[in-house]
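The structure appears below as structure tokens.
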Amino acid sequence: MIGNRKRLSSGLSVTSKVFVRSRNGGAQKIVREHYLRDDIPCYSKACKVCHDIIKTDAAGELPRFILSENPSKTKSGLRHYIVVDTNIILHAIDLLENVSCFYDVIVPQTVLEEVKNRSFPIYQRLRGLVKSEDKRFIVFHNEYAEATYITRNKNESINDRNDRAIRKVASWFGTHMKTNHSENDIGIIFICNDADNRQKARAEKIDARSLVEYFDDLPNGEDLRDLIPSDINSGVDFHNENEASFPEYYSNSRIMAGVKNGTLYQGMLNISSYNFLQGTVQVPAFRKPLLIVGSQNLNRAFNSDSVIVELLPKDKWREPSTTIVEESNIGSNDNANDEDEEDVGSAGSGVVSDKERILLAQEALKATSSSAGVQKRLQPTARVVGIMRRSWRYYVGQIAPSSVSSDDTGNASKSCFVILMDKVLPKIRIRTRKAKEFLGQRIVVVVDSWPADSRYPNGHFVRTLGEIESAEAETEALLLEHDVEYRPFSKNVLDCLPEEGDNWVVPDLVNTDDPKLKKRVDLRDKLVCSIDPPNCVDIDDALHAKPLPNGNYEVGVHIADVTHFVKPNTALDQEGASRGTSVYLVDKRIDMLPMLLGTNLCSLKPYVDRFAFSVIWELDDNANIVKVEYMKSVIKSREAFSYERAQTRIDDKSQTDELTESMRILLKLSKKLKQQRLDAGALNLASPEVKVHMDSETSDPNEVEIKKLLETNSLVEEFMLLANISVARKIYDSYPQTAMLRRHAPPPATNFEQLNDMLSVRKPGLSISLESSRALADSLDRCEDPQDPYFNTLLRIMSTRCMMAAEYFSSGSYGYPEFRHYGLAVDIYTHFTSPIRRYCDVVAHRQLAGAIGYENLDLSHRDKNKMETIVKNINRRHRSAQFAGRASIEYYVGQVMKNNEAEHEGYVIKCFNNGIVVLVPKFGIEGLIKLEMLGDVNTAIYDEDKYELKFTDLQGKERRVAVFDKVNVDVKSVKDEVSGNRKAQLLLR
Amino acid sequence: MELYSPEGLRIDGRRWNEIRNFECRINTHPNSSDGSSYIEQGNTKVICVVQGPMEPALRSQANSNEATLEVNLSVANFSTTERKKRSKSEKRMVQLKTTLERTFQQSVMCNLYPRTLIRIDLHVLSQDGGMLAACTNAMTLALIDAGVSMYDYVAAMTAGLHDQTPLLDMNGLEENDMSTLTIGVIGKSEKLSLLMLEDKIPLDRLESVLAIAIAGSHKIRDLMDSEVRRHGNIRSSKLAS
């Protein structure tokens, strides 16, 4: 419905939008003003008239014209712009992002809004495309343009009206191009996958095509056709009568009602990494997670989907499976049968009333809260009845060789399975004509849908990464798998860098008009040096120390002043914020900020002047803080040491120059700081981290080394911790609601239950106490096995896995007592010292600059909600960067092992009734040894209370293996032919 | 909801510095009052009726030095999409009422009317952002219609800040999501007789917001001025004939 238009001035008229909204059952009529204007340009560089009508924005900038005057041609030589329909964007956003097609695209506002309502992530990707300008996408605000605005007709559905509005855009552009672009003849192609809409468009003389028709008319169309998603590729039907069917999801209203009255629960599904048919969902209502067993109960949910679950009747409650199940035998279309198909029918058929469900919930609450008792291991089970949000993304995998028929000769597309690298996900069915070509390659796919009557999800091919086990393909695969943005920086990001590039130098501080430069303190006379790992190029911290006349010491930590270059709200800042952190792989580094900043302008290189953010303390002889000052400064590093070189220099008694002396002061103070920290209860945990050495010539990995720690490592670390703590206090003081901080929650006792149980059974007398971090640290120290020096480290590794992950947060979201960093045993903490590679530090820098009155703090760091989004993103990025780094090490360790198979010591860290998990400290790997590989399957007995597996080994001897046992294993690296993953295979000696 | 698109258009299709449709009439209730006006700023609609200067009903209201202004603000139950009963003693209402009284105490030449009462009744018929501004503008017009001496027009306007962009004349949706500044400007000057900010705006951004709000107020003054002159011309032509 629509009111009358009223002309206000030239080029602006007002009308009103009237619509009815239903809320709480009642209908509300809403009237809104709607202004129509004639100053919305077509954004085409070829246009002759639109340059005269545009207006500036608040910053005084004119809109940029983006559509090329010489757009790409079709086979028939038609130069064209593209108008896209909503369904194309929703289903083929990957194609829109593809670099080989879709340039000069017009997105009508109607489409943009429809996309936003249907899928916000896709909307954001679309906005990203528009913003980057690389592919020349524009948004045309047709709803606000007088020429293209249409009113809804009587009896016309809203969808029909929107379709008509989109067609109107296409036809308006068509005539606009014809009349106003004299020399270039540019056509408009309207791409839409709705046959009915296309027909109407053709009646209106619009060149409307389906995606397939459009690609057929492109010069490179052949290659693109395979990329068309399955669900809009007409005539493709995966439906298969013989396949098992899944229960339908509940309707939205039923879910809403269920969640509200407490009979349904929402949570994130977490699939067990040992058993892909078993998942857990942590819901706030219960202390322990709910168990979901079997593919019918999982009901098409993917790992980390946000799901709605319903409790199963009590007789279906069970212990978590102690069996290892992997989706390993992939051959025919059917395999990997569920271990408990019998559960399925009854789960769906049993009619349970809401009242009974609430009783059940109370029962479940009882079961999860009492840790002792007869049914102590019995866990409530549940089934998935709805999915709130899918976690679908790009997946990397490879085509299952057995699913490709060898006799196929034609060019028709065949369906085949893709086995994903991530073991906890099911395989995906795609249709492609090039299945044979892709065999043995890592390919990227996306999931389109998973209908209830299909055993496997349907997806489509996106692109190929290259041969399996080639370094590039594997690196790219793991970056994609961990959702790390690794594409080169776009042009508008690079435009934010200083024009001088590598020739940038620190400007003259004295003769300057810039008031900010005058506020900088000149610290070039201080004897500053940096200590980093060898060959480090992004040096973000440096130190200095000198004795003061009063017997105290002046110690300074100088951090690269990244925020001098990365100003808030620039494209550079946004890119940094979205990347969140640099990612370090064995052979590659994915930077958060462009190279120029990271390795040159910001990097505190020796012998040159650099901007820094300095924290300078006065410390007394016992390393207590007497005074602390913060300042933006200019420094000149005297030397860049590696840890080893710094260590030798300090140890070399003949060196008595000032620089060495100052390092000795630093070392002395750092030891005191460390002792203070340990006394306060800081934890000393271990991780089985190793380092891979690369051959310098062939860049092949050739050696694995357990990370060594020198005194100088801890020297730098202690002062960085001190700086972080001091800065955290300062910014919390100035911005109590939005300070960027980092906390580490104490581990809940339940996390340690199993470990403590294992200890009490296997190592009587030892236990881990959890009252405080101090108690935990002490009890870990006590847990020694006189026979086995490594046992303590092993226990530390296992405890680390029971810990909570530290997280970033803004100070408004928790109370002060919860700021505590458990692992470091300090009350407040942040990250300040590595702004080149972490975004948290960038925010902390800005907040500190605001706190000391150097410059005004940007709004986005003063707004609670905006901080919340920043924090959420950097937490996620931080986690995936860690996983990616580990996966990279794992891959290279596998490559190293390929060449040296040998026998090594290992420790049993987990026991199942059909296998054991062994950790090999030498390589920092852990591997599963299945019972079949150990000995006779039938006579094996698993004693659950003792965490012990008894079996007859292949030589016929009786053996017992239990948790914490030291075993000798043969380590071998094998390639899994099906998934293409190289894994360490362990064999018990 | 996207209040301001990257292409520079607001949720209702305006640009950053455009005011909404502004309509005003004076002398709408010539028989029942001494001065009256009706104002539409977008979908915010206000009627204002002025009685006086007259003898106050209560002795306590008489001030021997100047006139007393009494503002009664009533917001109709149907003025928002959700019907809501509102009482006059609501804290927010009282606050708005005092704000209006204080604003006009400065602009009306009260010393010309000692021992009198000027009663102003405001009726908000429909709300869509900028209610205080619309009330101020309606009062200015009604007081002019009543022939009460004033130093100059008081023209009011709202402005807010969306990220870095100042936005002029906020509608209801925008007002819900952003902090809003309401100012009343005296005539063509840059003197403010009203400044109301119920939320936070960073100090370094305030100036740009104020600047467009003042520019907007001047526009409103011109529109009100032309209405007053139009009405005046009709009157004088009647007198002449």
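The chains referred to below are lettered A, B, ... by the order of the sequence lines, with proteins before strands, and numbering in each begins at 1.
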Checklist entry - Should the pair A/Glu143-A/Lys17 be classified as a salt bridge under the 4.0 Å nitrogen-to-oxygen rule? => result no
Item to check | Region of A/Val130 in contact with chain B, defined by heavy-atom distances below 4.5 Å | outcome: side chain
Next on the checklist: If I measure from the heavy atoms of chain B, does A/Phe120 come under 4.5 Å with its side chain, its backbone, both, or neither?
Outcome noted: neither
Checklist entry - Can you say whether B/Arg20 sits under 4.5 Å from chain A via the side chain, the backbone, both, or neither, judging by heavy atoms? => result both
Next on the checklist: For A/Lys866 and A/Ser810, which I'm curious about, is there any donor-acceptor pair between the side chains at under 3.5 Å?
Outcome noted: no
Item to check | Contact origin within B/Asn43 toward chain A - heavy atom pairs under 4.5 Å | outcome: both
Next on the checklist: Measuring from atom OH of A/Tyr144 to atom OH of A/Tyr149, what distance do you get when rounded to the nearest 0.5 angstrom?
Outcome noted: 10.0 Å
Checklist entry - Which answer fits A/Asp863, side chain, backbone, both or neither, if we ask what part of it has an atom under 4.5 Å from a heavy atom of chain B? => result neither
Checklist entry - Which residues in residues 202-218 of chain B have a heavy atom less than 4.5 Å from any heavy atom of chain A? => result B/Pro202, B/Asp204
Next on the checklist: Under the rule for salt bridge (Lys or Arg N to Asp or Glu O under 4.0 Å), what residues qualify as partners of B/Glu18, not counting sequence neighbours?
Outcome noted: A/Arg37
Checklist entry - So which of B/Leu167, B/Asp163, B/Asn21 has the biggest tally of heavy-atom pairs under 4.5 Å with chain A? => result B/Asn21
Checklist entry - Can we call the ring centroids of A/His861 and A/Tyr735 under 6.0 Å apart? => result no
Checklist entry - By a 4.5 Å heavy-atom criterion (distance strictly below it), what part of A/Ser13 contacts chain B: side chain, backbone, both, or neither? => result neither
Next on the checklist: Salt bridge check, A/Arg846 against A/Asp573: does any charged N sit closer than 4.0 Å to a carboxylate O?
Outcome noted: yes
